[in-house]
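Heads up: the structure comes next, in structure tokens.
Residues take their numbers from the sequence shown, with the count starting at 1. Both ligands and their constituent atoms are indexed starting at 1 by order of listing.
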Amino acid sequence: MRSIISCLKRRRLAVLSPTLRFGCSIETALCEYSSSSFPEVILTGKHDNFVGSYLSAPKYFSTGFSSVHGERPTAEYAKLRKESLESEFGHALTYKSKSLSSLYRFGPFLALYRATIISFYVLKLTIWRLFVHDIRRRAVKFRETLIRLGPFYIKLGQALSTRPDILPKVYCQELAKLQDQIPPFPTHVARRSIESQLGVGVSQVFADISKEPIAAASLGQVYKAHLHSGELVAVKVQRPHMSHLLTLDAMLFHMIGGQLKRFAKARKDLLVAVNEMVRHMFEEIDYILEAQNAERFASLYACSHKEKIVPGSAATDNVACQKNDGIKVPKIYWNFTRKEVLTMEWIDGIKLTNESRLRKANLNRRRLIDHGLYCSLRQLLEVGFFHADPHPGNLVATEDGALAYFDFGMMGDIPRHYRVGLIKVLVHFVNRDSMGLANDFLSLGFLPDGVDIQSVSDALQASFGDGTRQSQDFQGIMNQLYDVMYEFNFSLPPDYALVIRALGSLEGTAKALDPDFKVVESAYPFVIGRLLVDPTPDMRRILRELLIRNDGTIRWNRLERLIAAISQQASETEGETQESYSNPLGSFDIRAVVSATEDLLQFILSDKGSRVRVFLVRDIVKAADVFYQDEVLNDLLDEKLRARRLFGYEMDCGFLV
Ligand SMILES: Nc1ncnc2c1ncn2[C@@H]1O[C@H](COP(=O)(O)OP(=O)(O)OP(=O)(O)O)[C@@H](O)[C@H]1O
């Protein structure tokens, strides 16, 4: 409380008082603000007809005004953005004027009021914890408290659920249950918001709209409506005053967090992580950005893209596209979309958790899982732009067997070196190469510089245990890794936290269809495919690591699996398969295999491959020995069928004797 009062005295609560004046356009002003020297404090500007408040998060502003994913915004986007802002802030002096100006006039008191409420709940929780020592009960209470505290804290809890580097595992598991916990807000408020955002009456835009929301979520709720043209649409309307509420809570949280850091030995990176989460939250309440994300996602994944691999290139968006019905994304109606209202095509779907409806619709679950996993792996390992929250509420099956994605508010964009890093982690994990894994974690920034890498490797090696890990759940594997890494003060870079969230959500969703589903195992053929088709040096190095041990010996079992996968792919390509559909996960261009094999042979024949050649010759001699001494040879001589299976044609094996 003292800190709030001191901030009030120092007038750092700019959000609540019209301290800044400017005489330029809204965009220029906000851009200037974003690059101003203000710390993470809310900024308010008042200039005749403009009152606004924003968290000074430069990335947030840059997303909105100067760059979208590093590109200049399209003219259409900039126009919509401007309209949205003007409508938002214009209303400060129109129909919402009273409520908003009173909000600002009484701002400091509102902040104090809110701070009191938050303190009350925090105090209650702290006292309760003094009497309850069971960590699971504590975690449940923590989750319940977050729900009481509202959208900001619910979203924060959802984000924290993927951060076992910040919170204990039990808490993370409990917070993962935080979904759609807020009751819907009244429809008349939603209608008013639609009208104010679109600038016309609801009946002028929609021929009809459902009386009650079809779905309510933490930040908004969805209505079903018909346009006058007859098209069925979903209208997502944001909860009122969302940006103000989030801003206020974010600011108070930041202030309290700052003080906590001073008094308690809070982790240094905690506030950085929370700031990143808040940034994502602000992105989520910008439906124009969400609509853009949906279109980008559709253009990349709603049809099958064969990436043109440009050796060494970082850009992966240059894709050629063939139509594929496997993935669907709702089409955006830009004319009826603003910052707080999103109008999109209505997609009728069956929730993946609704087993009986899926069965009735005669949908092939295996196909749904494979397509979902294939799409997710392409997002994470191939293209980089990914849906960070594919939980069962955001993925539905359509009657024709496609998978539809909803909710593009939380998206991640990982650069190529991170994607390669992820593949390395997977391969080192499968190889149980603890030193490789430890080095990956260090180079990806999971571990602080100067960490004793040998100790990390030893701890990881010990955790590999009895060798059953490969078939474990992704969540199980992560939990085990976290347990090990916790000792070494590891922290997850925000992008990776999102990747892990995406994989965790995906596994949860797939498990709703198939309780035995394992992400890591199922992803393996895809990873192999990536390694084969991508001829860049780093990928070739990983392929070699997969097949050849550090000491130069060859992993024959892996090679055998690889050859089996290739021959299956070859037979599918030739149309020999009897299956009703071909699994996209193991599909790759057979020409790429030839090129990969050539590269591998070149390596073996090069100077660097001299050790491998020694082991190769040794293994061949050993194998020949087995042929001479074992019954295998007799079997071969006796059963020509076996010979045919081994060599592909009937032969006289006599020469071997
Ligand atoms: N285009 C659509 N067609 C049909 N139903 C939809 C559509 N878009 C959303 N829905 C329904 O509305 C629900 C909520 O939508 P969405 O997840 O986009 O909202 P949200 O406010 O972003 O939720 P969250 O709290 O998960 O961020 C979805 O789970 C889905 O059931």
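- Ligand 1 has no nitrogen or oxygen under 3.5 angstrom from a nitrogen or oxygen of Glu290.
- Looking only at distances, a side-chain donor or acceptor of Arg367 sits under 3.5 Å from a matching main-chain atom of Gly401.
- For the pair Ile347 and ligand 1, the shortest N or O to N or O distance falls below 3.5 Å.
- With a heavy-atom cut-off of 4.0 Å, Trp346 touches ligand 1 through backbone and side chain alike.
- Among the atoms of Glu345, some N or O lies under 3.5 angstrom from an N or O of ligand 1.
- In this structure, Lys155 counts as a contact residue of ligand 1, since one of its heavy atoms falls inside 4.0 Å of the ligand.
- For the residue pair Thr145 / Tyr153, no side-chain donor-acceptor distance below 3.5 Å is found, with atom types taken as modelled.
- For Phe206 and His226, the distance between ring centers is not under 6.0 angstrom.
- Applying side chain to side chain contact (heavy atoms under 4.5 Å, CB included) to Tyr333 and the options Val205, Val233, Val235 leaves one that passes, Val233.
- Not a single heavy atom of Gly409 lies less than 4.0 angstrom from ligand 1.
- At least one heavy atom of Lys351 sits less than 4.0 Å from an atom of ligand 1.
- Close N/O approach between Asp407 and ligand 1 is found [any backbone or side-chain N/O within under 3.5 Å].
- Remark: Arg296 is positioned above the aromatic ring of Phe385, its terminal NZ or CZ atom under 6.0 angstrom from the ring centre and at most 45 degrees off the axis.
- Among pairs with a residue in residues 206-225, none fulfils salt bridge (charged side-chain N to carboxylate O under 4.0 Å, His left out), at least two apart in sequence or across chains.
- Annotation: Arg191, atom CZ; neighbour count of heavy atoms from other residues, nucleotides and ligands within 6.0 Å does not exceed 12.
- For ligand 1, the atoms sitting less than 4.0 Å from at least one non-hydrogen atom of Glu284 are 27 (O), numbered in the order shown with element in parentheses.
- When Lys224, Gln221, Lys236 are ranked by how near their heavy atoms come to atom 16 (P) of ligand 1, first place goes to Lys236.
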